[in-house]
Structures are given as structure tokens and as C-alpha cells.
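Here's the structure, in C-alpha cells; my notes come after.
Just so you know, these numbers come straight off a predicted model, no measurement behind them. One-based numbering, in listed order, for ligands and for the atoms of each.
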Amino acid sequence: MPSPNTYRFCFGPWNLSEGADPYGPPTRPPRDFNWKLAQLRELGFEAMMFHDDDAVPDIDSKSEQAIVAEAKELKRRLDGEGIAAEMVAPRLWFAPQTIDGGYTSNDPEARQYAIDRSRRCIDIANILGTDLVVLWLAREGTYLREAKVASRSFDRLVEAFDAMLAHDPKIRLAIEPKPNEPMDHAYVPTIGHALAIAHLTRDPARVGALIESAHAILAGLDPSDEIEFALRFGKLWSLHLNDQNGLKFDQDKPFGSTNLRSAFNQVQSLERHGYGSRGEYVCFDVHPFRATKSEHWLAHLDNSRRTFLRLVEKARAFDQAGADALIADRNYQALDQMVIEHLLG
Ligand code: GLO
Ligand code: MG
């Protein structure tokens, strides 16, 4: 393993959610951005992830001049607090224009809207001092196969990515794959899809990926294999660690909450490849359980980081030589038990 990493952590304002779900009222009172930023500082996280409209609320109703001015003001505040912006993501999926998708919509005006808004998002990223734009392709998919032609959708995704890459010669795009929700089928469900599509763009070197543990599980894949795959290509530019109990709604549970061993495997992969040593952050895309009281609002973030750091210790203390001997002897029964006992402590 390379020399021990130190990790830097971040989360986004949406990770302090109000406890809403489609079947009942919110369970925690709304809090404004200032409160969320103060909590991030209090918890000692180093950076914040932003949607474009977290950075500039009501972005669609504002002129380019006003957007630039607000983004600059935010940057001054972040600098004052010593907080970095890890990335900016265009939150296309709340806009009325993107009901049928953004980049892959059948409506050319909607596609143009999505591209124009993504360009503005890049401008905000520049002002906030990050070269990373995250693309979770929420509505780039279909509810029914006959509604869109998949190959045409891939062309449209490439067209949109190319427009973003052309807009700024330094910006990097990190695609965040997810197989479903809100769509039945998404066009970029796995890291393999993301990296393949990167190669169709005008500058593949600037198109990489972000892996979210829960999304890999929803695709029926092992998150640590997805992580290793992206790392093998030098393409893991960000991470959304969390957990997920099987093939259900996207749960965004605290890291390690469901499957501690899988969380350990993810940490082992990050350690093995020096994740973080090239400036990447460990982000937790986690939500409090709906039943969480306001007094316990921050626990899922602090707990995810605690679990992560405990698993880093576990990864470093793992008897790899002992494991290698068992592997050489094909004694996988003993290897299995060795891992279990190591985790049990
Ligand atoms: C939802 C995604 C979402 C994105 C975020 C950044 O399933 O995980 O939380 O990560 O909007 O683009
Ligand atoms: Mg995510």
C-alpha cells in the first residue's frame, strides 16, 4: 500500500434534509443555507458540495450578471470560513423544462435549456474555485422504452458534454451513475457506462466519474469493484459514500450502516490506490433517517466519518501477509473468517 493517506471530507446542503418522503409531511423544520454552512464548520468538514442553485438560489430567474455577483459573494464567505467548494452540479431535475429529461429530452428547447444552464453552472464552479462539475443524470432515461431511442440519447449526452467541455478548457466532468430513480431506466447506470461514454467526447481526459456506494448496490454491483474499476482508469474524481439495504428506494444510509464488510472493502480499495492524495475529497451523500429528531440532525454525517476513519484503521491493521498465505493455499474459508474476526475486533 502507498504511504498512509490523510482524508478530507465534505457533504452538501441537501444532506441536512427536512425528512420529507412522498407519503407524509417533513419531520424537521427547514433550515437556511447559513445554518447548514455553520454546521459543516462545526463538524470540522473541509469542503461543501454545491448544486448550482444551492450556490445561487432561484438561478433561473436571475441575469448572468446577478449570478456572477452572488457566486462571488458566496466565494468570499467560503474563504472567510476556510471552506472549499468541492464541486458544483447543475440541478436540472427540478426545472419544469426537464420533465422529459434535460440533455436527452425529446424537446429541442429543453435540451438547449439544459446545456445553457450547465454552462452557467460551470461559470459558478470557476468563481467558487473548483474545476469539478458533477453530473448526476437524474432524468436522462425513460419510463418506457418506446419514448426515446437509446442510441440517439447517447449522442445527445455526448453533445451536451462536448458543449460543456468547449465552454471551459479546464473544467472536468465527473459523471455520477445511477441505474434508476427517478427514471425507470437511466442511460448511464454504471461506472463502465460512464467511462465508455467519456471516450466519445471531444476530450476524454476531462470526463471522469463519481461513485456513490448506494447507486452501485442499486445496479446489483459491488461498490468496491466499481471503485477499483474507476481508479484503474485514473477516473475516480469524487465519491459519495453511503449505504443501501438491497434493491429498494435510494436510501442514502450512513456509511457502513447496512453492510460493514462492504464498507471495509470500499475503504481497502481507496487505501490501496491512494485515493485523496491527488486532492480528491471523501463526500458522504447520506441523509438522516426520516424519524430523526432535530437535536440529532448531524449524527449521520459525524457517524459516517467516524465509521470511515475506524475502517481506515482496520484496513491498515489488516494482516495482509497472513491473508496472502491463505490466498496462496486457496483457503478462502479461513480468509473469510479472518476478515470477519478482524472486523469484530
Ligand atoms: C441522488 C444523487 C444526488 C447527487 C447530487 C449531486 O440519487 O445521489 O444526491 O449526488 O444531486 O449531483
Ligand atoms: Mg450522490
Interatomic distance, Ser61 atom OG to Asp53 atom CG [nearest 0.5 angstrom]: 10.5 Å

Stepwise side-chain hydrogen bond (donor to acceptor under 3.5 Å, both in side chains) test for Asp222 and Ser224: CA-CA 6 Å; Asp222 179 79; Ser224 66; 2.5 Å; yes

Rounded distance (nearest 0.5 Å) linking atom CZ of Arg119 with atom CD of Glu64: 10.0 Å

Ligand 1 versus Trp93: contacting region, heavy-atom distance under 4.0 Å: side chain

Residue, atom name and distance, where the atom is the protein heavy atom closest to atom 12 (O) of ligand 1: Ala89 CB, 3.5 Å

Carboxylate-amine/guanidinium contact Asp54 Arg91, below 4.0 Å: yes

Shortest-distance N/O/S atom, Asp285 versus the Mg ion (ligand 2): OD2

For the Mg ion (ligand 2), the closest N/O/S atom belonging to His240: ND1

Region of His240 engaging ligand 1 - heavy atom pairs below 4.0 Å: side chain

Residue and atom name of the nearest protein heavy atom (relative to atom 11 (O) of ligand 1), distance in Å to one decimal: His51 NE2, 2.6 Å

Salt bridge (charged side-chain N to carboxylate O under 4.0 Å, His left out) pairs, two or more places apart, involving residues 281-304: Asp21-Arg290, Asp302-Arg305

Gln266 side chain to Ser213 side chain, donor-acceptor N/O pair below 3.5 angstrom: yes

N/O separation below 3.5 Å, Lys178 to ligand 1: yes

Which residue and heavy atom of the protein sit nearest atom 4 (C) of ligand 1, plus the separation: Glu176 OE1, 3.3 Å

Which segment of Leu210 sits under 4.0 Å of ligand 1 when only heavy atoms are counted: neither

Angle subtended at the Mg ion (ligand 2) by OE1 of Glu212 and OE2 of Glu176, nearest 10°: 90°

Close aromatic pair by centroid cut-off 6.0 Å: Trp136 and His240: no

Close aromatic pair by centroid cut-off 6.0 Å: Phe308 and Tyr7: yes

Arg156 to Tyr103 six-membered ring, cation-pi geometry met (6.0 Å, 45°): no

Protein contact to atom 8 (O) of ligand 1 [nearest heavy atom, distance to 0.1 Å]: Glu212 OE1, 2.7 Å

His215 near ligand 1 by a heavy-atom separation under 4.0 Å: yes

Shortest protein heavy-atom distance from atom 9 (O) of ligand 1, along with the residue and atom involved: Asp285 OD2, 2.8 Å

